[in-house]
Amino acid sequence: MGEEVEQHTFTGADRTRYRARLRRCLDAFARMLRESHFEFERPMTGLEIELNLVDEHGEPTMCNARTLEAIADPDFQTELGQWNLEINVSPRRLNGGGAKTFEDDVRASLNAAEANANRIGAHLIMIGILPTLRQDHLTGASLSLNPRYALLNDQILAERGEDLHIAIDGAERLRTTCDTIVPEAACTSTQFHLQVSPAQFPAYWNAAQAIAGVQVALGANSPFLLGKHLWAETRIALFEQATDTRREELKAQGVRPRVWFGERWITSIFDLFEENARYFSALLPICSEEDPFEVLDRGDTPSLHELRLHNGTIYRWNRPIYAVTRDRSHLRVENRVLPAGPTVVDTMANGAFYFGLVRTLAEQERPIWTQMSFSAAEENFHTCARNGIDAAIYWPGLGTVPVAELVLRRLLPMADEGLRKWDVDADERDRLLGIIEQRCLTGTTGATWQQRRFHRLFDTTAMNRSDALRSLVAGYRDQMHTNQPVHSWPP
């Protein structure tokens, strides 16, 4: 959805032409897979972090355009809500100190951005959902000014045909209605990218799906929405509902949601792109003039515009990516399950755990996904979103087991082995995976810290709910700037 778009109305002819061109892109992609058109000899990793903008009181501030001008860094860009920004970190390899340079570069960029944002009264905060968001923030006036966001909003609501209904039952109960997709902007995430070969892709995607629940449990950081204490990672439920184009009748008919865990293990990346074309209508039927077969016939690399644009409006928690860099095409798994924050070092620890564990699982002789059903992986995912670090999930050979016990007994050694295969230095492996270990031993994640802080303020002082949430955000922001891992934050 990062592409610039200008067209604002679509006809039936536009949609028919787009469908035909999408299927032509799919055929061209199949040919590229057969003819090995992809670069993968030196696999790269990438990182994106979505951020919130707040004022001095911890309230969201609608000034991302002015903040971007003040930051003046091309690595930063707008997101859906005017209180959102995103930083895209340059891709790199994990070996040769790459893991440490990721952390150093992100910290330097965020510190510089924070200093520049402060000049206009804004502050950057990495958190899954900003606790001080209110219903009056979730209106069309809060959409970022780029026309693509208004167009996406209009198309989702037109396809749905009625207002969005958000219903989440957690520690408390939330029911609300919204006539825009702005609630999606409340969900700020971290995305890890891993470049793989076509042959490797199915194993890495399946492995990422298998561990998605564990990732969410360890990284949960979104317990509050519109003042209510809900799931440990409320962002999962909110994102699934805030971009749902289906009316109740379509849900009953089994129509797939656009925010999708999936429904089966795969044997080829083609499976995912083919599902996209078969199950989902076009939200943005904007066609290019490129014929991908003509481009292939002359020995060049096609952009596959329609395939990429369509894929960008289907929000799989682990999404396939086709991209072209310096006229060479490559494939990536985009891991989208984690919230932003709490700190840069926590983010890097989450990345180390993911990159290491997914490699070990992808290369096992007896893959984990041959030992568990896909529905079990999906159930694990939502159980961990609800319960966070306290969740118990199914794992082959162990049955139902607490997540913390599973990580300590089984998964941390696997993550270490995978990082060793990526040639990550032993000291760096120990430092980052040690943070994951301490989260499990202390039972402390961003979500549990927020919950404890809020209830200490709200339950034991004279603060009302709004004041307690503002104080929570202020304390969170102070601790975030220390870059100390969340398990070590004072209560």
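The analysis underlying the following values was restricted to heavy atoms, covering all of them including side chains, and did not include hydrogens, waters or symmetry mates.
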Test: [X] cationic atom under 6.0 Å from [Y] six-membered ring centre, within 45° of axis:
X	Y	answer
R92	F102	yes
R453	Y476	no
R256	Y279	yes

**Report entry** Criterion side-chain contact (heavy atoms from CB on, under 4.5 Å) on Q364 and M414, from CA distance to verdict
**Finding:** CA-CA 10 Å; Q364 282 183 323; M414 290 183 177; 3.7 Å; yes
Can a donor-acceptor pair be found, under 3.5 Å and without considering hydrogens, that links the side chain of [X] to the backbone of [Y]?
X	Y	answer
S144	G81	yes
S142	L138	no
W205	L272	no
N221	A340	yes
R160	D244	yes
T45	L194	no
R258	T243	no
N464	D467	yes

Do [X] and [Y] sit within salt-bridge range, that is, some charged N less than 4.0 Å from a carboxylate O?
X	Y	value
D425	K100	no
R235	E233	yes
R386	D169	no
R465	E172	yes
E103	R431	yes

If you take all heavy atoms of [X] and [Y], which pair is closest and at what distance?
X	Y	result
V345	Q484	CG1-C, 4.2 Å
T180	G140	CG2-N, 3.4 Å
R452	G443	NH2-O, 3.2 Å

Query - Residue of the set L130, N84, I125, L124 for which side-chain contact (heavy atoms from CB on, under 4.5 Å) holds with L53 - result: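 Exactly one option meets the side-chain contact (heavy atoms from CB on, under 4.5 Å) with L53, and it is L124.
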Query - Option among L226, I166, V259 that satisfies the side-chain contact (heavy atoms from CB on, under 4.5 Å) test with L238 - result: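 Per the side-chain contact (heavy atoms from CB on, under 4.5 Å) rule, the option paired with L238 is I166, out of L226, I166, V259.
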Any donor-acceptor pair under 3.5 Å linking the side-chain atoms of [Y] with those of [X]?
X	Y	result
Q135	T176	yes
T188	N52	yes
S189	Q191	yes

Out of curiosity, [X] [atom1] to [Y] [atom2], how far, rounded to the nearest 0.5 Å?
X	Y	atom1	atom2	answer
I168	Q241	CD1	CD	5.0 Å
S466	R134	OG	CZ	7.5 Å
I236	H382	CD1	NE2	7.0 Å
R107	N483	CZ	CG	4.0 Å
Y149	L80	OH	CG	7.0 Å
F454	L472	CZ	CG	8.0 Å

Taking side chain as C-beta onward, heavy atoms only, is [X] less than 4.5 Å from [Y]?
X	Y	result
L218	I436	yes
Y354	V337	no
I181	E184	yes

Query raised in the report: With respect to D416, which candidate in R359, K421, R429, R410 satisfies the salt bridge (charged side-chain N to carboxylate O under 4.0 Å, His left out) definition?
Result: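 Only match with D416 under salt bridge (charged side-chain N to carboxylate O under 4.0 Å, His left out): R429.
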**Report entry** Sub-6.0 Å ring centroid separation between W317 and F261
**Finding:** no
Requested in this report: Assess the pair F224 and W231: is the distance between their ring centroids shorter than 6.0 Å?
Outcome: no
Query raised in the report: Run the side-chain contact (heavy atoms from CB on, under 4.5 Å) check on M463 and R470 step by step: do they pass?
Result: CA-CA 10 Å; M463 284 189 182; R470 280 191 287 268; over 6 Å; no
Query raised in the report: Would you call the rings of W422 and Y204 parallel, tilted or perpendicular, where under 30° means parallel and over 60° means perpendicular?
Result: tilted
Report task. Using a cut-off of 6.0 Å, state whether more than 12 heavy atoms not belonging to R264 lie near its atom CZ. Result ->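 More than 12 within 6.0 Å, yes.
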Query - Heavy-atom neighbours of E379 CD exceed 12 at 6.0 Å - result: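 Not more than 12 within 6.0 Å, no.
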Requested in this report: Apply side-chain contact (heavy atoms from CB on, under 4.5 Å) to F374 and N206, showing your working.
Outcome: CA-CA 9 Å; F374 193 88; N206 288 342; 5.7 Å; no
Query raised in the report: Can W260 and E275 be said to form a side-chain contact (heavy atoms from CB on, under 4.5 Å), step by step?
Result: CA-CA 11 Å; W260 200 26; E275 283 180 348; 3.5 Å; yes
Query raised in the report: Can you name the one residue among R316, H310, R319 that meets side-chain hydrogen bond (donor to acceptor under 3.5 Å, both in side chains) with N276?
Result: R316
